[in-house]
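Sequence lines set the chain letters: A, B, ... in the order given, protein chains first and strands last, and positions in each chain run from 1.
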There are 2 protein chains.
Amino acid sequence: MTANDGALTQLRAWLAQRNLPSDGRLPAERELCELLGVSRGELRKALATLEDNGELWRHVGKGTFIGSRPVEEFSSVASIAEGSNPVEVMQARLLIEPMLAREAAINATNSHLDEMRRCVRIQREATTWRQYENADNRLHRTVAEASGNTVLTALFDQLNAVRRAVVWGRLRDTSNHPPENHHSFAQHDDIVIAISERDREAAYQAMYDHLSMVRKNLL
Amino acid sequence: MTANDGALTQLRAWLAQRNLPSDGRLPAERELCELLGVSRGELRKALATLEDNGELWRHVGKGTFIGSRPVEEFSSVASIAEGSNPVEVMQARLLIEPMLAREAAINATNSHLDEMRRCVRIQREATTWRQYENADNRLHRTVAEASGNTVLTALFDQLNAVRRAVVWGRLRDTSNHPPENHHSFAQHDDIVIAISERDREAAYQAMYDHLSMVRKNLL
DNA sequence: TTGCTTAACCAATAAATATTTGGTTAAATC
DNA sequence: GATTTAACCAAATATTTATTGGTTAAGCAA
């Protein structure tokens, strides 16, 4: 037993008989050491013990809180994009979007399917590259939404935001004409057909094949 | 031709001969109308024309910017959690985390593996439920990090934040003893072993089995 | 020496305040 | 009647101030 056990037991007793606020925050060190009648140094030793024990966590400027340290909130899109690159983004798309397509094959509603068909039609009729890209974004977004899982859809949105931020920093194809890449048309058709036929694995495979080609063209 | 064409052509000329900052922001209206020698009302008419034309976008408090209006950032963790539920979150975990484990089997470094082993050891030695949960979170986070893809790791973090926000609003097991669920120990071991043996599909399956049991216990 | 107290200071965070910005309205002016 | 001007608003940002945990060093006591 060391000398700081006094402060530690006193702190534990105080915590036990107190109803802390809902956020689990306890008073600032300078107040708390007065309440307990111990010096700040002793109090900090006791707090350090509890923190090592995982019973509370502290952070400069925030305070001291009961419970386990919360995971840091996700970083901003900009900071993620800064530490990443098109290859990583493309790999993430290849892993996530086929999965979304598979779920969409189960849960897509008729309005989802109508929207997908509208997107592929607009793409075929597009006269500018921007129109084409807008329709492409909307198609992929609709597939994500059709998965029927709002969390997965939100994750897709974030991935998409990162993708835009990453390619933003790179050179862009300045040509204004729509792509002549007719493979893309057929692949988009395959995706929509597989989903509308409720063929899970075909939807997965169609999206995978499509993104594989996108990646190939990227390199 | 209407009367505001004067301001419009003058604005277009000014834009043409100016090198705007990299963010595409142009001076505040009150400055710009002095620079151009037109009234603010006329300037705003001209700006409205260009905005309708999609050549610039404006926002209160921010300013006026050349180009097309940026897509809105993804929603906050709180708002996602509000519109979701534990079932959706669990489904998302079942789809994403096994995939992360598979990638981790390829890219995990020795320090990642050491950290994973440390987590399972702490879990076995845990005397409080909080300690156990801390180690569990850390283990899953380390697997995500070991995937070697910063974008996927960021997505995992967001999913994890949503998960915490969702279960936060529900009742919590208030018992303070660590779980006696020894299946979890074995399953965590299986995950770490599969990753350290670089067995991609075994890692995928181990994580899938583990989360399936978590889901079963949840219901 | 050894350990504790105290005070001052630091950087990170949060809270509060001030400023700037596009949007709107109404009286003044030509 | 149309335009200018000025004032005001709410959203967003910028700046300032206050608070918090973390650290250090001098003073003090056992």
Side-chain angles (χ1 to χ4, degrees), chain A residues 1-11 14-15 20-73 75-76 78-79, chain B residues 1-11 14-15 20-73 76 78:
Chain A
M1 285 237 181
T2 63
N4 68 38
D5 276 8
L8 184 58
T9 53
Q10 210 161 347
L11 174 57
W14 189 90
L15 287 173
L20 290 173
S22 62
D23 60 353
R25 178 176 186 179
L26 46 103
E29 291 181 354
R30 291 163 179 82
E31 299 175 35
L32 192 52
C33 65
E34 272 207 51
L35 289 175
L36 299 183
V38 299
S39 76
R40 201 181 154 205
E42 291 303 309
L43 172 62
R44 283 184 55 74
K45 283 186 195 169
L47 288 172
T49 305
L50 293 187
E51 188 178 27
D52 290 343
N53 214 16
E55 301 181 45
L56 54 82
W57 61 279
R58 307 181 274 179
H59 198 305
V60 207
K62 289 182 175 172
T64 305
F65 302 82
I66 293 291
S68 60
R69 182 183 307 272
V71 288
E72 52 180 313
E73 284 270 309
S75 344
S76 74
S79 66
Chain B
M1 285 232 180
T2 63
N4 68 37
D5 275 9
L8 185 57
T9 52
Q10 209 159 348
L11 175 56
W14 189 89
L15 287 174
L20 291 173
S22 62
D23 59 353
R25 177 176 186 178
L26 46 103
E29 291 181 356
R30 291 163 180 80
E31 299 175 35
L32 192 52
C33 64
E34 272 207 50
L35 289 175
L36 299 183
V38 299
S39 75
R40 199 181 157 204
E42 291 303 309
L43 172 62
R44 282 182 55 75
K45 284 184 196 170
L47 288 172
T49 305
L50 292 188
E51 187 178 27
D52 290 342
N53 215 15
E55 300 182 46
L56 53 82
W57 61 279
R58 306 182 276 181
H59 194 28
V60 208
K62 287 183 176 173
T64 305
F65 302 82
I66 294 290
S68 59
R69 186 181 304 273
V71 291
E72 53 180 314
E73 287 266 312
S76 73

(request) Using a cut-off of strictly less than 4.0 Å, decide whether A:Lys45 has a side-chain nitrogen or oxygen near OP1 or OP2 of C:dG3. (result) no

(message) Once rounded to the nearest 0.5 Å, what's the spacing between atom CG of B:Leu26 and atom CG of B:Leu47?
(response) 7.0 Å

(request) Ignoring hydrogens and angles, tell me if any N or O in the side chain of B:Arg30 forms a donor-acceptor pair with the backbone of B:Arg40 under 3.5 Å. (result) no

(request) Nearest whole angstrom, please: distance from the C1' of D:dT20 to the CG of A:Asp23. (result) 14 Å

(message) Looking at B:Gln10 and B:Leu36, would you say the former's side chain and the latter's main chain have a donor-acceptor pair under 3.5 Å?
(response) yes

(request) Please list, chain by chain and in numerical order, all residues satisfying salt bridge (charged side-chain N to carboxylate O under 4.0 Å, His left out) with B:Arg58, sequence neighbours excluded. (result) B:Glu29, B:Glu51

(message) Treating primed atoms plus P, OP1 and OP2 as sugar-phosphate and everything else as base, which nucleotides of nucleotides 19-30 of chain C get B, S or - for protein heavy atoms under 4.0 Å?
(response) --BBBB------

(message) Quick check for you: to the nearest 0.5 Å, what is the distance between A:Leu56 atom CG and A:Thr64 atom OG1?
(response) 7.0 Å

(message) Output the rounded distance in Å from CG (A:Leu43) to P (D:dG21).
(response) 9 Å

(message) In whole Å, I'd like the distance from the CZ atom of A:Phe65 to the P atom of D:dT19.
(response) 16 Å

(request) Figure out the CZ/P separation between A:Arg69 and C:dT13, and round it to whole Å. (result) 11 Å

(request) Flag the pair B:Leu15 / B:Leu11 as yes when at least one side-chain heavy-atom distance between them is below 4.5 Å, and no otherwise. (result) yes

